[in-house]
Number of protein chains: 2
Amino acid sequence: MKLTTKGRFAVTAMLDLALHGAQGPVTLAGISERQKISLSYLEQLFGKLRRRDLVESVRGPGGGYHLARDAARITVADIIRAVDEPIDSTQCGGRENCHDHHRCMTHELWEELNSTVAGFLSGVKLSDLVEKQRTKPISVVRAHKRESHIASA
Amino acid sequence: MKLTTKGRFAVTAMLDLALHGAQGPVTLAGISERQKISLSYLEQLFGKLRRRDLVESVRGPGGGYHLARDAARITVADIIRAVDEPIDSTQCGGRENCHDHHRCMTHELWEELNSTVAGFLSGVKLSDLVEKQRTKPISVVRAHKRESHIASA
DNA sequence: TCATACTTGACTAATTTAGTCGGGTTTCGG
DNA sequence: CCGAAACCCGACTAAATTAGTCAAGTATGA
């Protein structure tokens, strides 16, 4: 799971869509203005989101985008995976080092980390974000967390 | 917490150090050869590790590096923090968007993610890696995990 | 039929990352 | 005391990635 600002923008845009999607399709121009993300860039992002069946488009005047399914069935992980290439893997296939037995050890470590991150992001649904956004505009969120293990540093 | 190959190399190098450090200082040249990491690059990494007090150096012939404290008191998070700039923060301070209330929501999300990652990495000690390396050279590790929550995708 | 809005993909600029280079400085062994 | 072993350090560069633009469409509702 890769994390870049691209993924962040996508989540923000999807959230905007979820929040404003009640009355018909939402235009990218609208999202662009509200979220201050360039239209061209949104187009690029929504192209990917559409191909991954997270949103559906309605063309022509009055058109725009709407969620392809209920916000409760879309996770943050889905969104990020859609826009960031799936370059997951612990980088252990392309490079030189990472050999004989040393390999597998750190390899496993990164793999575990990956699934920890993926697990966290899979646990947060778009509807969670919508809800938090509606009930507590500005405040601590603590999303879905219960026993947020360790968490220090 | 940023994750790059630099951090991975650092962890690998520290592990090598922990494994070979029993009989006096370990030279970077040795690590370089065993782990196939360029000497110059190791020098750069160990400069940082030293400044963060994770290793200590012994100069002159017969010198090298050794851990600054017991492997049980060094975590993977310590190592990664030492070599990768602390550019933690959810990128929410320098950029434009991320405004009014939308801001705080995704902001909190990334912040939580950050601490999840940091928590995971803080939970893995260098000694854990050494142990796993010694007992199960090639196999599934599952480091320190117990109830690795959710974990799918 | 035309303005609105999505669609596509190539292109570019900026940033970040990975890694090198060249010069030190310290200290041991002979 | 001198030379080699080893650390030390900061500037530099090349490659890769990311962020974002541009241009040229296509579909469709009013």
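Computed from a predicted model, the values in this text were never measured in an experiment. Proteins get letters first, then strands, A, B, ... in listed order; numbering begins at 1 in each.
Atom-to-atom, CG of Leu49(B) to C1' of dC8(D) comes out at 14 Å; the value is rounded to the nearest Å. The distance between atom CG of Leu42(B) and atom P of dC8(D), rounded to the nearest whole Å, is 13 Å. Remark: P of dG19(C) and CZ of Arg8(B) are 11 Å apart, rounded to the nearest angstrom. One can place CG of Leu28(A) at 16 Å from P of dG20(D), the figure rounded to the nearest angstrom. Leu39(B) has its CG atom 12 Å from the C1' atom of dA5(D), to the nearest Å. Between Leu45(B) atom CG and dC7(D) atom P the separation is 13 Å, expressed in whole Å. In this structure, the OH atom of Tyr41(B) is 18 Å from the P atom of dC7(D), given to the nearest Å. Per the geometry, NZ belonging to Lys2(B) stands 8 Å off C1' belonging to dT17(C), to the nearest Å.
For Ser57(B), a side-chain nitrogen or oxygen approaches OP1 or OP2 of dC8(D) to under 4.0 Å. OP1 or OP2 of dC7(D) has not a single side-chain nitrogen or oxygen of Arg50(B) nearer than 4.0 Å. Of the side-chain N and O atoms in Arg51(A), none sit less than 4.0 angstrom from OP1 or OP2 of dT7(C). For Ser38(A), a side-chain nitrogen or oxygen approaches OP1 or OP2 of dT21(D) to under 4.0 Å.
Note: Tyr41(B) and Phe9(B) have perpendicular aromatic rings, judged against thresholds of 30 and 60 degrees for the angle between ring planes.
Heavy-atom distances to DNA chain D give each of Gln44(B) and Ala29(B) a nearest nucleotide, and the one nearer the 5′ end belongs to Ala29(B). Comparing Phe46(B) and Gly7(A) by the nucleotide of DNA chain D that holds the closest heavy atom to each, the one mapping nearer the 5' end is Phe46(B).
Counting any heavy atom pair closer than 4.0 Å across all strands shown, Ser40(A) reaches a base atom.
For the residue pair Asp70(B)/Ser127(B), the side-chain donor-acceptor check at 3.5 Å is not satisfied.
Atoms CG and OG1, from Leu15(A) and Thr106(B) in turn, are 7.5 Å apart once rounded to the nearest 0.5 Å.
Side chain of Glu43(A), nearest nucleotide from dT8(C), dT18(D), dG20(D): dT8(C). When distances run from any side-chain atom of Lys6(B) to the nucleotides dA18(C), dT7(C), dT21(D), the shortest one goes to dA18(C). In this structure, the nucleotide among dT28(D), dA18(C), dA19(D) sitting nearest to the side chain of Thr4(B) is dA18(C). Closest approach to the Pro61(B) side chain among dG20(D), dT28(D), dA4(D) is made by dA4(D) (side chain taken as heavy atoms from C-beta onward). Closest to the side chain of Thr5(B), out of dC7(D), dT18(D), dA18(C), is dA18(C). You'll find that the side chain of Tyr65(A) is closest to dT7(C), out of dA5(D), dT7(C), dA3(C).
Remark: the Arg59(A) side chain and the dT7(C) base include no donor-acceptor N/O pair separated by less than 3.5 Å.
In this structure, Glu108(B) and Lys132(A) have side chains that are not in contact, with every pair of non-hydrogen atoms separated by 4.5 Å or more.
Linking ILVMFWY residues whenever their side-chain heavy atoms come closer than 4.5 Å, directly or via other members, leaves Val58(B) and Leu42(B) in distinct clusters.
Between the side chain of Ser32(B) and the backbone N or O of Ser38(B) there is no donor-acceptor pair closer than 3.5 Å.
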